[in-house]
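These notes are about the structure you will find just below.
Computation of the quantities below employed the complete heavy-atom set of this structure, encompassing side-chain atoms and omitting hydrogens, waters and symmetry-equivalent molecules.
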Amino acid sequence: MRVALFLTCVNDTLYPDTGRAVVRLLNRLGVDVDFPPAQTCCGQAHYNTGYRHETEPLARHYAEVFGEYDAIVTPSGSCAAMVRELYPRLGERARAEGRGEELAGVLAPVVPKTYELTEFLVDVLGVTDVGAVYPHKVTYHPTCHGLRSLGLGDRPRRLLEAVRGLELVELPGADECCGFGGTFAVKNAGVSAAMGADKVRNAESTGAEVLCAADNSCLMHLGGTMSRAGSVVRPVHIAEILASTEEEPAR
């Protein structure tokens, strides 16, 4: 199986350690991972802001860069959802505008083989115990794209429950949005900040040391809220927890 890592803009710019954790984890499970250096943005920010036509060249480029791989793995539920849920819509809209089937045909091959990390581990590799060790009290926030668009369900929880030393505690209001929502946080800053504060208070109420999620964009939003509030809870991406071992422990 030829597997590629799609790191995404946020991780490449701000959280490269998450990408390194994905590679360490998959290598430990016997998967060789390529990192195509030509990869760029999937177009999610453009599409969500209303620039649909400007999204199309980015989607085409994604298909060109990743088209030859058997699986494309990303540590971002929102970017995986962009490819799986919205790339088909780009093709449908192009068809409806009289531009034919060409765009849909270009994008179709990469849609079903783009996986969020926990999907790939559970559904493709068939594992829940990845050999991780993480002796911390953790609460898990299921981000909106993972919960609603991808339908990740209990996959992340099953992976976390199998981590040795990890105590997983339930997050009150887990299915509520954290308030990030990409440009929503800019256009509706007050509402976004209030939603983030609610999520952080809920995380603190669990007594957890770590708030875990599968999207660093949401963790960035919550981490800023935690930092300003002086919270003792730390945001950590699930990939870094699953990559943690006794020999190479994550913080």
How many angstroms lie between [atom1] in [X] and [atom2] in [Y], if you round to the nearest 0.5 Å?
X    : Y    : atom1 : atom2 : answer
I241 : Y140 : CD1   : OH    : 10.5 Å
C42  : L86  : SG    : CG    : 9.0 Å
K137 : T206 : NZ    : OG1   : 6.5 Å
C218 : L211 : SG    : CG    : 10.0 Å
L107 : E92  : CG    : CD    : 11.0 Å
M1   : Y69  : CE    : OH    : 14.0 Å

If we only count heavy atoms from C-beta on, is the [X] to [Y] side-chain gap below 4.5 Å?
X    : Y    : value
V22  : L117 : yes
F180 : D215 : no
Y15  : H237 : no
L26  : F120 : yes
E116 : H145 : no
L7   : Q39  : yes
L90  : L103 : yes
C212 : L219 : no

task: Flag yes if more than 12 heavy atoms outside D32 fall under 6.0 Å of its CG atom; otherwise flag no.
output: no
- prompt: Should the heavy atoms of other residues, nucleotides or ligands under 6.0 Å from CD of E68 be counted, would the total exceed 12?
  reply: no
Closer than 3.5 angstrom, by distance alone: can the side chain of [X] be matched with the main-chain N or O of [Y] as a donor-acceptor pair?
X    : Y    : result
S244 : V133 : yes
R84  : P112 : no
K199 : H141 : no
S227 : G223 : no
D12  : P16  : no

With sequence neighbours left out, write down each residue that passes salt bridge (Lys or Arg N to Asp or Glu O under 4.0 Å) with [X], or none if nothing qualifies.
X    : value
D129 : R164
R20  : D17
R99  : E56, E97

Modelled atom types, side-chain donor and acceptor of N202 and S205, under 3.5 Å: no
field: Donor-acceptor side-chain pairing of E54 and H46 below 3.5 angstrom
entry: no
Closest heavy-atom pair and its distance - [X], [Y]:
X    : Y    : value
V110 : A63  : CG1-CA, 3.8 Å
S149 : A81  : CB-CB, 3.7 Å
T245 : R28  : CG2-NH1, 3.3 Å
E204 : S231 : OE2-OG, 2.8 Å
P36  : V65  : CB-CG1, 3.6 Å
A59  : Y87  : CA-OH, 3.4 Å

message: Quick check on the hydrophobic clustering: are V169 and V233 connected, directly or via other members, by side-chain heavy-atom contacts under 4.5 Å?
response: no
query: If you group Ile, Leu, Val, Met, Phe, Trp and Tyr by side-chain heavy-atom gaps below 4.5 Å, do Y115 and F35 land in one group?
result: yes
field: Near-ring test Y62/F66, centroid separation under 6.0 angstrom
entry: yes
- prompt: side chain to side chain contact (heavy atoms under 4.5 Å, CB included) with L125: which of V122, V127, T128?
  reply: V127
field: Salt-bridge criterion met for E101 and R95 (N-O under 4.0 Å)
entry: yes
message: Salt bridge or not between R60 and E102? Use side-chain N to carboxylate O under 4.0 Å.
response: yes
Please table the atom pairs, donor to acceptor, closer than 3.5 Å between any side-chain atom in residues 152-160 and protein atoms at least two apart or in another chain.
from: R155; atom 1: NE; to: D123; atom 2: OD1; distance (Å): 3.1
from: R155; atom 1: NE; to: D123; atom 2: OD2; distance (Å): 3.1
from: R155; atom 1: NH1; to: G151; atom 2: O; distance (Å): 3.0
from: R155; atom 1: NH1; to: L152; atom 2: O; distance (Å): 2.9
from: R155; atom 1: NH2; to: D123; atom 2: OD2; distance (Å): 3.1
from: R157; atom 1: NH1; to: E170; atom 2: OE1; distance (Å): 3.4

message: salt bridge (charged side-chain N to carboxylate O under 4.0 Å, His left out) for D34 and R2? Distances and angles first, verdict last.
response: CA-CA 8 Å; D34 288 347; R2 295 191 66 211; 3.7 Å; yes
message: Under the rule for side-chain hydrogen bond (donor to acceptor under 3.5 Å, both in side chains), what residues qualify as partners of R93, not counting sequence neighbours?
response: none
For T139, side-chain hydrogen bond (donor to acceptor under 3.5 Å, both in side chains) partners two or more places apart: none
message: With side chain to side chain contact (heavy atoms under 4.5 Å, CB included) as the criterion, how do L14 and M220 come out once you've worked through the C-alpha distance, each side chain's angles and the decisive distance to 0.1 Å?
response: CA-CA 9 Å; L14 299 173; M220 174 181 67; 3.6 Å; yes
- request: Assess whether side-chain hydrogen bond (donor to acceptor under 3.5 Å, both in side chains) is satisfied between S76 and T74, documenting all intermediate values.
  value: CA-CA 5 Å; S76 168; T74 179; 4.8 Å; no
